[in-house]
Undergrad: 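This structure is in structure tokens; I'll ask about it shortly.
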Amino acid sequence: MDALQIIGQKPLSGSVSISGSKNTALPFLFSTLLFDKPVSFSNIPRLWDIETTLKLLQDMGCAYEWNKETGKVQIVPQVKNKTASYDWVKRMRAGILALGPLVAKFGEAKVSLPGGCAIGARPVNFHLEALRKMGAQVEVDQGYILASVPSRLKGATLVFPEVSVTGTENLLYVGAFAEGETVIENAAKEPEVVALANLLQECGIQIEGAGTSQIKIKGGNLKTPTEAIRIPSDRIETGTWISIAMATQSEILIENAAGAELAKVLKAYRAMGLKIEEENLGSSLRVVPQDRYEAISVETEPYPGFPTDMQAQVLANMCQAQGTSHMRENIFENRYMHVAELRRLGAKISTDGNLARVEGPTPLKGAPMMATDLRASASLVVAALMAQGTSVISRIYHLDRGYDHLDQKLQKLGACVTRIAQ
Ligand code: UD1
């Protein structure tokens, strides 16, 4: 198992290029189950979650080619086995995105129930209830979701009790194949949902309201895209590099940035005092460090609110600000696993339920740490870069799930980061 050794307080300089968005690429790759002919993608990030998704599709009978140098992937959809097995879904909860396409296209699916994970229970009951309402028979047996469609799926009005990103995405796939109109109320407005809706629209499906809380989909004939589909830049990787620039007090140019989708994150960092300038018509962000930062209060919310996937990184930066900062985590019930690790570096963070209080400025000192989930790992990297001395972060497979060679990108800018086998 790999670990990262980081010697902190080394100034970085230069530019970094943001890779393709993980949370857009995953639903796009699963969408190939809906098509009849081969589909190509470009700007696919080099991530474990992509590898897992492609292996899962292969397990179902699809063939694929992935050129990691060019970022191109081609998938030949030839589904023989409509099962997403536990072996794959346990590695990546987004495996639930196999459910919608299999039910939509083949009228049957056997998809492993994702387990809980470090950040909370993460149930999928909304997905299952919505499929039932559209005419699918759905049961859970021996850890698997078994879905079948006795007659054609029928459009329905589906109301999500809470905003769910992958839930909305699964219903977009199903709505595209159902008879009549499907209306999703309290739909997720995340850019990744809008991207999937746009893809389906380009393939001939009528969709209204993507990016709002009500999405209407008219089932129709889906045409296979003929040109390669490009994955846009990753907004959370962009935000993580802002966090890294502040942690290392370095001026960094972030290229291919997803700044337009990060309004609340930019606002939070600017409120702390960090200077972030847009360049190249907004496609690059220049982060300029300052001598003093102010405490802020932030709470996570569904898009366009402050993303839960940036909570851990900002929490590490709050250690640099004057006074008491507050963070409220509203999306996941147990997303403060990184706090205990950050405290090992000397961070003054206390939690009370979903509220975290951070006292600053607090100088951090390097220590061994353990990564617990994807974004927590990023926050440990941020803290290690900020800390005096050496830190070793173990279990960084979590980081490799969602960050495209972060260690190499850091090294290019001058960071003292070494990947070591443990
Ligand atoms: C997606 C993102 C993840 C991000 C999260 C919240 C992908 C692949 N992953 O995860 O990076 O952190 O959105 O922005 O896009 N819920 C239920 N029942 C359900 C579904 C959800 O109770 O059936 C709850 C969850 O436990 C959670 C909340 O709703 O508290 C939001 O979860 P959801 O948006 O579904 O997260 P994911 O789609 O898994």
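Start at 1 and go down the list; that is how both ligands and their atoms are numbered. Throughout, numbering of the chain's residues begins at 1 and tracks the sequence.
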Undergrad: For ligand 1 and E333, I'd like to know whether there is a polar contact (N/O to N/O, distance under 3.5 Å).
TA: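 E333 vs ligand 1: no N/O contact under 3.5 Å.
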Undergrad: Return yes or no for this condition: an N or O of E169 is under 3.5 Å from an N or O of ligand 1.
TA: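 No.
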Undergrad: By the salt bridge (charged side-chain N to carboxylate O under 4.0 Å, His left out) test, which pairs, at least two apart or in different chains, include something from residues 58-70?
TA: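 Output for this query lists E51-K68.
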Undergrad: Around Q408, counting heavy atoms of other residues, nucleotides and ligands shown, do more than 12 lie under 6.0 Å from its CD?
TA: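 Yes.
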Undergrad: Is W66 atom CH2 crowded by more than 12 heavy atoms from other residues, nucleotides or ligands, each under 6.0 Å away?
TA: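 Yes, enclosed.
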Undergrad: State if E162 counts as touching ligand 1 under the rule of any non-hydrogen atom under 4.0 Å.
TA: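 Yes, that is the case, since the closest heavy atom of the residue is under 4.0 Å from the ligand.
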Undergrad: I want to know if ligand 1 touches G167 in the polar sense, i.e. an N/O pair below 3.5 angstrom.
TA: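 Not met; the criterion fails.
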Undergrad: Any non-hydrogen atom of E329 lying under 4.0 Å from ligand 1?
TA: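 No, that is not the case, since the closest heavy atom of the residue is not under 4.0 Å from the ligand.
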Undergrad: Would you say F332 and ligand 1 have an N/O pair spaced under 3.5 Å apart?
TA: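 No, since none of the N or O atoms of F332 sits under 3.5 Å from an N or O of ligand 1.
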Undergrad: Has ligand 1 got any nitrogen or oxygen that is less than 3.5 angstrom from a nitrogen or oxygen of N125?
TA: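 Between N125 and ligand 1, an N or O pair is found under 3.5 Å apart.
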Undergrad: Can you find a heavy atom in the side chain of V73 that is under 4.5 Å from one in the side chain of S40?
TA: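 Contact flag for V73/S40 side chains = no.
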Undergrad: Show every donor-acceptor pair shorter than 3.5 Å between a side-chain atom in residues 133-146 and any protein atom, with sequence neighbours excluded, or say none if there are none.
TA:
{"unit_1": "K133", "atom_1": "NZ", "unit_2": "T157", "atom_2": "O", "d": "2.8"}
{"unit_1": "Y144", "atom_1": "OH", "unit_2": "Y86", "atom_2": "N", "d": "2.9"}

Undergrad: Consider every N or O of E190 and every N or O of ligand 1, then say whether any pair is closer than 3.5 Å.
TA: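 E190 vs ligand 1: no N/O contact under 3.5 Å.
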Undergrad: Can you tell me if M60 has over 12 outside heavy atoms packed within less than 6.0 Å of its CE?
TA: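 Result for CE/M60: enclosed.
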Undergrad: Should one rank N23, V165, L97, N170 by closest heavy-atom distance to atom 34 (O) of ligand 1, which comes out on top?
TA: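 Nearest option to atom 34 (O) of ligand 1, by heavy atoms: V165.
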Undergrad: Among the heavy atoms of L374, does any lie under 4.0 Å from an atom of ligand 1?
TA: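 Flag not set, L374 not near ligand 1.
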Undergrad: Return the option from P302, G402, S164 holding the heavy atom at the smallest distance from atom 35 (O) of ligand 1.
TA: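 Selected option, by shortest heavy-atom distance: S164.
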Undergrad: Based purely on interatomic distance, does A94 place a nitrogen or oxygen under 3.5 Å from a nitrogen or oxygen of ligand 1?
TA: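 Checking ligand 1 against A94, no N or O pair falls under 3.5 Å apart.
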Undergrad: So for atom CD, which belongs to Q58, do other residues, nucleotides or ligands contribute more than 12 heavy atoms lying within a distance under 6.0 Å?
TA: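 Above 12, so yes.
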Undergrad: Please confirm whether R93 approaches ligand 1 to less than 4.0 Å, judged on its heavy atoms.
TA: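 Heavy atoms of R93 never come under 4.0 Å of ligand 1.
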Undergrad: If I apply the N/O under 3.5 Å rule, does L26 come out as touching ligand 1?
TA: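 So ligand 1 has no N or O lying under 3.5 Å from an N or O of L26.
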